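The model shown is predicted, which means the values in this text are computed figures rather than measured ones. In what follows, every chain begins at residue 1, and chains take the letters A, B, ... in the order their sequences are listed.
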Amino acid sequence: MKGSNDPPTLLHQMIDEAALSRPEAPAIRCDGETLSYKELSRQANGMAQVLIGAGLQRGDRVAVLLGKGLNVPVAFYGVLASGGVLVPIDPKSPVEQVVRILKATGATHLVSEPGKRKVVRNALAACPEVAHVVGLEAGDDTSFQCIPWQTVSEEANDRPPAVSMGDLDPSYILHTSGSTGTPKLILHTHRSAMSFVEWAAEEYSLTHADQLSNHSSHHTCFATFDYYAAARAGATTVILTPAVLMMPGSLSALLEQEQISVWYSVPTALVQLSLRGDLEARDLSSIRWVLFAGETFPEKHLLRIMKQLPDARFSHVYGSTETNVCAYFHLPRSTDVAGPLPIGRACSNSSIQVVDDELQPVIDGEVGELLVRGTTVMSGYWDEPERNSRVLVRRPSAGDLEEIFFRTGDRVRTLDNGNLTFVARADLQVKVRGYRVELEEVENALLSLDPVDEAAAFAVPDGEGSSAIRAAVVVGTESTSIQQDILPRLRNILPLHSLPTEITVLNTLPRTPTGKVDRNALRAQAHGTE
Amino acid sequence: MTNMTTAENPRLEAQEVESRIITFIERELLSPGETVNRDDDLLSGDIFDSIGVLRLAAFVEEDFKLEMQPSDFVIENFQTVAVLAQYILRAGSSQ
């Protein structure tokens, strides 16, 4: 039994605890509205009760399809308190992607909102297993049980429903873009999430006086920090709406007004803020920490924003949805970081090894693949035993015991000072403004269209520190129009960030001697024409 | 694309500005067949993303011969086609 003075071990216990110790403290703010810890806890417990009333059993998957707003944390903590496994879906997903995720996770319940009625109705037409939807009113167009948000408020309760669960229970399944076929579904436990959250709260000295901005969509691992690390400290999470994120001038005004103290995002968002955020007109001295991850931060942009925010410390964090943050590098205040920014050192709850193709450790200074072991690493990919046996590898430990390491697929090198530095992705995964895109999946999407005979996707720098996807295709008929025949249909298959910004029609694709598509040649051509 | 500029046509009417913005958005940022109205919320995240906004801003600068300042990248100037047109007319007369 958990004693009243023990630290929380389950994610939702953090808000119940904050609700007891500082009930009126703001937990979440969005667009001028506030949820106190007490109200968040009460609403989340109401959500949990509603889900259990709709037949939810411990371990059942509950998908959440919501735009940014105060409903998100209510849904998240409500699902967790019910004993369900949370499956947040990218709110920008096309219907096909929603269907794939619902089917692959075997979700039985869905939490959504009236603005998503059309996509829910279309997705659930293909997913009869999802029998209960919280957040919609019943209507002629629904064949599933609808429970409106009003019912959640009516069930609000100071105490969570009595559900027996432990910290090794699954907590959530996050999905990568997985634009065709099945997206990668990454399963974490309460413990793996809490381990990251506790490390982060301590490393960045989070307190209830902090305001953490939530930049990234709530289906990403960035939001794990924004929401849960804030809750661990009893701090406030300020959700940034799409409108604010599209308008850097409005964003910087909001950061000032909300006295944001901790920021976490991909570098691209900070580059926009630095270039077009009118920072000279703002007092942003409240910002203590700026965390960034996911892509290279172009040095000129980094140095400029460090000058624009002289009171902030900058922290380069490394990890993936599979591992949470597992290494970090705090930039020195003097901005004399020469060469590529290191990944830094392993977090206290992680250990890392750099190995060769045979998984044997390389000597310091040599390039190898990064392996990670630690309490923050995922349980595995949902329902993918074959992939799990490839990436979760056993390595000898003490005696006849073995330990499990995660193969990151990232090639790194250990520097003389002990810091790690990133060299390259081992495969064809690229990042576009923080989103993972598998080039082969973009190609598969193109090839699924009738006019396309051959397709190659490749990444080029977008000039602002991120990558842009481009594609080259060979088409069967000369009259094929990219604008009319390809792009509209591609938009139905691929999420926005995976869409090529430019598609070129070629007579043939360049090939390597072994017959593989030569992406380097395509990149070079693209470079030459600019 | 016809490229009328404020220099050639100094007394731009709001209606004309709005129609040029709508034409650009529908042609360059939306799927064929999708339309946008002058009072639609452009910043809901459902019409286009931050890259789309940057392309729209680049169009505004080029087509109306304006130089946008960092302080111009605010919700009040971009929320709808109608307010964007008002911003363009204000900025055009002050530059």
Open item on the list: So for K92(A), is it side chain, backbone, both, or neither that comes closer than 4.5 Å to the heavy atoms of chain B?
Closed with: side chain
Task: Residue part contacting chain A, namely of S44(B), when any heavy atom lies under 4.5 Å - done: backbone
TODO: Measure distances from L275(A) to the heavy atoms of chain B and classify the residue's part below 4.5 Å as side chain, backbone, both or neither.
DONE: backbone
Task: Spatial distance of atom CG (L54(B)) from atom CE (M246(A)) [nearest 0.5 Å] - done: 10.5 Å
Task: E34(B), CD atom: more than 12 neighbouring heavy atoms under 6.0 Å - done: yes
Task: Nearest atoms (heavy-atom pairs only) where I75(B) meets S250(A) - done: N-OG, 2.7 Å
Task: Approximate separation, where rounding is to 0.5 Å, of L273(A) CG and F73(B) CZ - done: 13.0 Å
Task: Shortest non-hydrogen contact from R491(A) toward L30(B) - done: NH1-O, 4.0 Å
Open item on the list: With a 3.5 Å distance limit and no angle check, can you tell me whether S71(B) reaches the backbone of D278(A) through a side-chain donor-acceptor pair?
Closed with: no
Open item on the list: Need one label for Q272(A): side chain, backbone, both or neither, based on atoms under 4.5 Å from any heavy atom in chain B.
Closed with: side chain
Open item on the list: Quick check for you: among V53(B), D41(B), L42(B), which has the greatest number of heavy-atom pairs under 4.5 Å with chain A?
Closed with: V53(B)
Task: Residue part contacting chain B, namely of L496(A), when any heavy atom lies under 4.5 Å - done: side chain
